[in-house]
Peer 1: 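The structure's right below; bear with me while I get my questions together.
Just so it is clear, the values below take in all heavy atoms, side chains as well, and ignore hydrogens, waters and symmetry mates.
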Amino acid sequence: MTPFLSGITGTPTGCVAPRRPPALRRGPQNPSAGAKLPKGGRHGRTPEREARVEAARPLGGGGAAGEGLGRSRGGFTTKVYLSADGRCCPLSLTVTPGQWADCTQFEPVIDKIRVPRARLGRPRRRPDSLSADKAYSNRTIRAYLRRRGIRHVIPEKKDHKAARLRGGSHGGRPPGFDKERYKKRNTVERAINKLKAHRAVATRYDKRGHVFLGAVTVAALVIWLHS
């Protein structure tokens, strides 16, 4: 079992942004347009703002599950992070708002891996090796993989390499990198293409986050059935 990790982004069309509270909307149908702002002010801790903060939390993460929607450079988007094996079959996945950084979901995705054994015993949770792109190149992720004894191939970022060289002997040793093993990272890209073949995954139409997560899970099950 050799999982590969990456992230994909889908634009959720049909999703409506949170509406402004009645006291802040203007128009002829709202005679109280000039009323005072709700308690807490425009940027205070109003119930509407708390609802938007709650909706920004990742699905399956800490706290209540949100809707997995957020503002990014692509607009109102959702991100799907996944790990896949050597046959381009998804092993685990999670959904977050579009503005979340890729590296924040590395550990949650790896911790969700469960591969049943052919015989009796607990399912496997630790892959033999792992490959990921530069988005996951940082000390925290490398320390996590070393702590779990997982071999990995992650290219070093240019700024990280420059900072290490400036540190001289205190900068530490360069991380190991096997070019031949890294060439197989395209496996996860092919797995992503298989997921994007399902229109409900490539373009999110679901308003609720748990419904979209279910659609991605069903698409992953179809890939397993066809493998």
Peer 1: Just how far is it from atom OG1 of T94 to atom CG of L213, taken to the nearest 0.5 Å?
Peer 2: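 If I round to the nearest 0.5 Å, the distance is 7.0 Å.
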
Peer 1: In Å, rounded to the nearest 0.5 Å, how long is the span from CD1 of I150 to CG of L145?
Peer 2: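 I150 CD1 to L145 CG: 5.5 Å, rounded to 0.5 Å.
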
Peer 1: Taking all atoms of both residues into account, what is the closest heavy-atom pair of L93 and K112, and its distance?
Peer 2: O-NZ, 3.6 Å

Peer 1: Please step through side chain to side chain contact (heavy atoms under 4.5 Å, CB included) for the pair L69 and F212, ending with a clear verdict.
Peer 2: CA-CA 11 Å; L69 295 171; F212 177 65; over 6 Å; no

Peer 1: If Ile, Leu, Val, Met, Phe, Trp and Tyr residues are connected whenever their side-chain heavy atoms lie under 4.5 Å apart, and connections chain through other members, are W224 and I113 in the same group?
Peer 2: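 Shared cluster, yes.
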
Peer 1: Looking at side-chain heavy atoms only, is the closest gap between R164 and E156 below 4.5 Å?
Peer 2: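 Counting from C-beta outward, R164 and E156 do come under 4.5 Å.
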
Peer 1: Has R142 got a side-chain atom pairing as donor or acceptor with I154's backbone, closer than 3.5 angstrom?
Peer 2: yes

Peer 1: So, the side chain of W100 versus the backbone of T78: is there a donor-acceptor pair under 3.5 Å, distance only?
Peer 2: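 No; judged by distance alone, with no hydrogens or angles, the pair does not exist.
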
Peer 1: Tell me whether V218 is reachable from V95 by hopping between hydrophobic residues (I, L, V, M, F, W, Y) whose side-chain heavy atoms are closer than 4.5 Å.
Peer 2: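 Different hydrophobic clusters.
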
Peer 1: Are Y182 and V188 grouped together when hydrophobic residues (ILVMFWY) are joined by side-chain heavy atoms under 4.5 angstrom apart?
Peer 2: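 The answer is no; the residues belong to distinct hydrophobic clusters.
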
Peer 1: Side chains of R87 and T187: is there a donor and an acceptor less than 3.5 Å apart?
Peer 2: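 Distance-only check fails for R87 and T187.
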
Peer 1: Quick one: pull up CD in E107 and OG1 in T140 and give me the separation to the nearest 0.5 Å.
Peer 2: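 E107 atom CD to T140 atom OG1 measures 7.5 Å (nearest 0.5 Å).
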
Peer 1: Determine whether C88 and I223 satisfy the following criterion, side chain to side chain contact (heavy atoms under 4.5 Å, CB included), listing intermediate values before the conclusion.
Peer 2: CA-CA 8 Å; C88 306; I223 294 175; 5.9 Å; no

Peer 1: If hydrophobic clusters are built by linking Ile, Leu, Val, Met, Phe, Trp and Tyr wherever their side-chain heavy atoms come under 4.5 Å apart, do V153 and I110 end up in the same one?
Peer 2: no

Peer 1: Should V115 and L130 be regarded as members of a common hydrophobic cluster, given that ILVMFWY residues are connected when their side-chain heavy atoms come within less than 4.5 Å of each other, either directly or indirectly?
Peer 2: yes

Peer 1: Determine whether H226 and K194 make a side-chain contact, defined as any pair of heavy atoms from C-beta on separated by less than 4.5 Å.
Peer 2: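 H226 vs K194: side chains apart.
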
Peer 1: When rounded to the nearest 0.5 angstrom, what distance separates OG in S131 from NZ in K184?
Peer 2: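 Separation between the atoms: 9.0 Å.
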
Peer 1: Any idea which heavy atoms bring A135 and C103 closest together, and the distance?
Peer 2: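 Smallest interatomic distance, heavy atoms only, reads O-CB, 3.7 Å.
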
Peer 1: Would a distance-only check, ignoring hydrogens and angles, find a side-chain to backbone donor-acceptor pair under 3.5 Å from H210 to R208?
Peer 2: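 Such a contact is absent between H210 side chain and R208 backbone.
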
Peer 1: Could you tell me whether the side chain of R117 and the main chain of R122 form a donor-acceptor pair under 3.5 Å?
Peer 2: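 Answer holds: yes.
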
Peer 1: Okay, side chain of Q99, backbone of S72: is any donor-acceptor separation there less than 3.5 Å?
Peer 2: no

Peer 1: Within the structure provided, determine whether K158 and K161 are in side-chain contact (heavy-atom separation under 4.5 Å).
Peer 2: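 A side-chain contact is absent here, since even the closest heavy-atom pair is not under 4.5 Å.
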
Peer 1: S129 side chain to R151 main-chain N or O, any donor-acceptor pair under 3.5 Å?
Peer 2: no

Peer 1: Would you call R71 and P97 a side-chain contact if the rule is heavy atoms closer than 4.5 Å?
Peer 2: no

Peer 1: What is the distance from atom CZ of R126 to atom CZ of R124, rounded to the nearest 0.5 Å?
Peer 2: 8.0 Å

Peer 1: Can you tell me if S92 uses its side chain to pair, donor with acceptor, with the backbone of V109 under 3.5 Å?
Peer 2: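 Yes; at least one donor-acceptor contact below 3.5 Å.
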
Peer 1: Between R204 (side chain only) and K207 (backbone N and O only), is there a donor and an acceptor less than 3.5 Å apart?
Peer 2: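 Present.
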
Peer 1: Is it true that atom CZ of R199 has more than 12 heavy atoms of other residues, nucleotides or ligands lying nearer than 6.0 Å?
Peer 2: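 Open: at most 12 neighbouring heavy atoms sit under 6.0 Å from CZ of R199.
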
Peer 1: Rounded to the nearest 0.5 Å, how far does CG of D133 lie from NZ of K157?
Peer 2: 9.0 Å

Peer 1: Closest approach of H198 and V222, non-hydrogen atoms and distance?
Peer 2: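 Heavy atoms of H198 and V222 come nearest at NE2-CG1, 4.0 Å.
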
Peer 1: Keeping the roles fixed (side chain from N186, backbone from E189), state whether a donor-acceptor pair exists under 3.5 Å.
Peer 2: no

Peer 1: Looking at R148 and D111, is any side-chain nitrogen of the basic one under 4.0 Å from a carboxylate oxygen of the acidic one?
Peer 2: yes

